[in-house]
Amino acid sequence: MPELPEVEVTRRRIAPAMVGRTVRSVRTTANSYFFVTPPGRLRARLAGRRLAGLTRSGKYLLAHTEDGSRLLLHLGMTGQLFSSDATSPRLLSATARAALEPDAQLDFRPDRHTHLRLAFDDGGPEVYLRDVRKFGKVQWLAPGEPCERLDRLGTDALEVTGSHLFEASRGRKVAVKSFLLDQSVVAGTGNIYADEALFHAGVRPTRAAGRVPRRSYEAIADATKRVMLRSIETGGSSISDYVAPDGSDGGYQDERRVYARTGSPCRACGTAIRRKVIGQRSAHYCPACQR
DNA sequence: ACCGCACCCTGAGCGC
DNA sequence: TGCGCTCAGGGTGCGG
């Protein structure tokens, strides 16, 4: 599931394949709620544009055109933004994978989940946006057009501070885990990094956000930034579908302490990691290290 | 204002 | 073999 580190790694690695190139043609799948901007209009707006930059806000990517228009992309749960040169078993379904010879590298062919295909006028590699569950979003923003999704976002997780979290949490009764997932408080944190940051800060995810002391929020803010920067360094977490734009896996899944490690021994103290549903999401924590 | 929950979607994995 | 069920979850919107 792409969170800030995966989106940032995607941004850095796909940028060379987008920025400075002119879109020649756009192909999309049929209209669905995945397309905030209907696909017909999207194709018309995008064709012929030269892309001038690629930025990130929280978990959103923004491709900027020379005239100030923006293409807003969200990868949702299963979104993959990659070059047509990429090969990875993660770009195939399990049945397609099973049909592969052990060491075969099957080139990716756009399938029914490939919702956006950008071809460029230099005839080079295309850029694909694939999203099996369609929890992602694509939206066209005209120059100056306001965007509620972006305006709602709080402090970017890479810049979050303990005082910001402390002040925003006063009076809040939700579990601190749910509080950290609120994108209007911190933008970019998702289920994996919220669990990991709480582990490193030694805070139990079930605690009411409003009752977590300032010093713990300092630790949570530090841990959030440290964990995310390290994940970016290692190429993100390839836990289910995430794959970098060149098809390579990330490495941070090997460094995680609690996420999806239910029943395994805590790497710090050996106690079995527990899983508990908080706010309709799985939370993972060490009952001994996190109080 | 805040909180809990349903909903959007598809594939994997499981029990029968 | 195959069916039906459950689970995974980011973000939005609604009712209490």
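Note that the structure is predicted; figures quoted are calculated from it, not measured. Quick note: numbers below take in every heavy atom, side chains included, and nothing from hydrogens, waters or symmetry partners.
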K.L.:
Using whole Å, what does the distance between atom P of nucleotide C/dG10 and atom CG of A/D131 come to?
P.N.:
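One finds 13 Å between P of C/dG10 and CG of A/D131, rounded.
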K.L.:
Do A/S231 and A/Y193 have side-chain N/O donor and acceptor atoms under 3.5 Å apart?
P.N.:
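Side chains of A/S231 and A/Y193: pair found under 3.5 Å.
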K.L.:
The side chain of A/Q183 lies closest to which of these nucleotides: B/dG11, C/dG11, B/dC5?
P.N.:
C/dG11
K.L.:
What integer distance in Å separates A/H284:NE2 from C/dA8:C1'?
P.N.:
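Checked: the NE2 to C1' distance equals 10 Å.
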K.L.:
Which nucleotide in the set B/dC3, C/dG9, B/dC5 lies at the smallest distance from any side-chain heavy atom of A/K173?
P.N.:
B/dC3
K.L.:
At 4.0 Å (heavy atoms only), tell me whether A/R275 reaches a base, stays on the sugar-phosphate, or touches nothing.
P.N.:
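It contacts sugar-phosphate atoms only.
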K.L.:
Check the surroundings of atom CZ in A/R214: do more than 12 heavy atoms from other residues, nucleotides or ligands lie under 6.0 Å from it?
P.N.:
yes
K.L.:
In this structure, how many angstroms lie between the C1' atom of C/dA8 and the CE atom of A/M77, rounded?
P.N.:
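Whole-Å distance recorded here is 5 Å.
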K.L.:
Write down the partner of C/dT1 under the Watson-Crick or G-U wobble criteria, each distance required to be under 3.5 Å.
P.N.:
none
K.L.:
Counting heavy atoms from C-beta on, name the nucleotide in B/dG4, C/dT12, B/dC2 closest to the side chain of A/R172.
P.N.:
B/dC2
K.L.:
State yes or no: are the ring centers of A/F199 and A/Y259 separated by less than 6.0 Å?
P.N.:
no
K.L.:
Kindly point out which of B/dC8, B/dG11, B/dC3 is positioned nearest to the side chain of A/R112?
P.N.:
B/dG11
K.L.:
Check every strand shown and say whether A/Y259 touches a base, only sugar-phosphate, or nothing at a heavy-atom separation below 4.0 Å.
P.N.:
sugar-phosphate
K.L.:
Taking CG from A/D111 and C1' from B/dT10, how many angstroms apart are they, rounded to a whole number?
P.N.:
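So the two atoms are 12 Å apart, to the nearest Å.
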K.L.:
When the nearest nucleotide of DNA chain B is assigned to A/A168 and to A/R133 on a heavy-atom basis, which residue is associated with the more 5' position?
P.N.:
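Nearest-nucleotide comparison on DNA chain B picks A/A168.
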K.L.:
Can you identify which nucleotide, out of B/dC8, B/dC5, C/dG10, has its nearest atom closest to the A/R281 side chain?
P.N.:
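Looking only at side-chain atoms, A/R281 lies closest to C/dG10.
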K.L.:
Just to confirm, is there a sub-4.0 Å distance from OP1 or OP2 of C/dG11 to any side-chain nitrogen or oxygen of A/K59?
P.N.:
yes
K.L.:
Which is true for A/S282 with a 4.0 Å heavy-atom rule: it touches a base, it touches only sugar-phosphate, or it touches nothing?
P.N.:
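Result for A/S282 = sugar-phosphate.
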K.L.:
Kindly point out which of B/dC3, C/dA8, C/dG10 is positioned nearest to the side chain of A/V174?
P.N.:
B/dC3
K.L.:
Count the heavy atoms belonging to other residues, nucleotides or ligands that lie under 6.0 Å from NZ of A/K225, then report whether that count exceeds 12.
P.N.:
yes
K.L.:
Give the ring-plane orientation class for A/F82 versus A/F108, where under 30° counts as parallel, over 60° as perpendicular and anything between as tilted.
P.N.:
perpendicular
K.L.:
For the pair made of CZ in A/F34 and C1' in C/dT12, what is the distance, rounded to whole Å?
P.N.:
16 Å
K.L.:
Are B/dC8 and A/F135 stacked, with the base six-membered ring and the side-chain ring centres under 5.5 Å apart and planes under 30°?
P.N.:
yes
K.L.:
Counting side-chain heavy atoms from C-beta on, which of C/dG9, C/dT12, B/dG11 comes nearest to A/H113?
P.N.:
B/dG11
K.L.:
How many whole angstroms separate atom OH of A/Y33 from atom C1' of B/dA6?
P.N.:
13 Å
K.L.:
Would you say A/T28 and A/H115 are linked by a side-chain donor-acceptor pair, where the criterion is simply a distance under 3.5 Å?
P.N.:
no
K.L.:
Can you tell me which nucleotide in C/dA8, C/dG11, B/dG11 comes closest to the side chain of A/Y60?
P.N.:
C/dG11
K.L.:
In whole Å, what is the span from the CG atom of A/D182 to the C1' atom of C/dG11?
P.N.:
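Going from CG in A/D182 over to C1' in C/dG11 covers 11 Å.
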K.L.:
Specify the separation, in whole Å, of atom CD1 of A/I192 and atom C1' of C/dG9.
P.N.:
11 Å
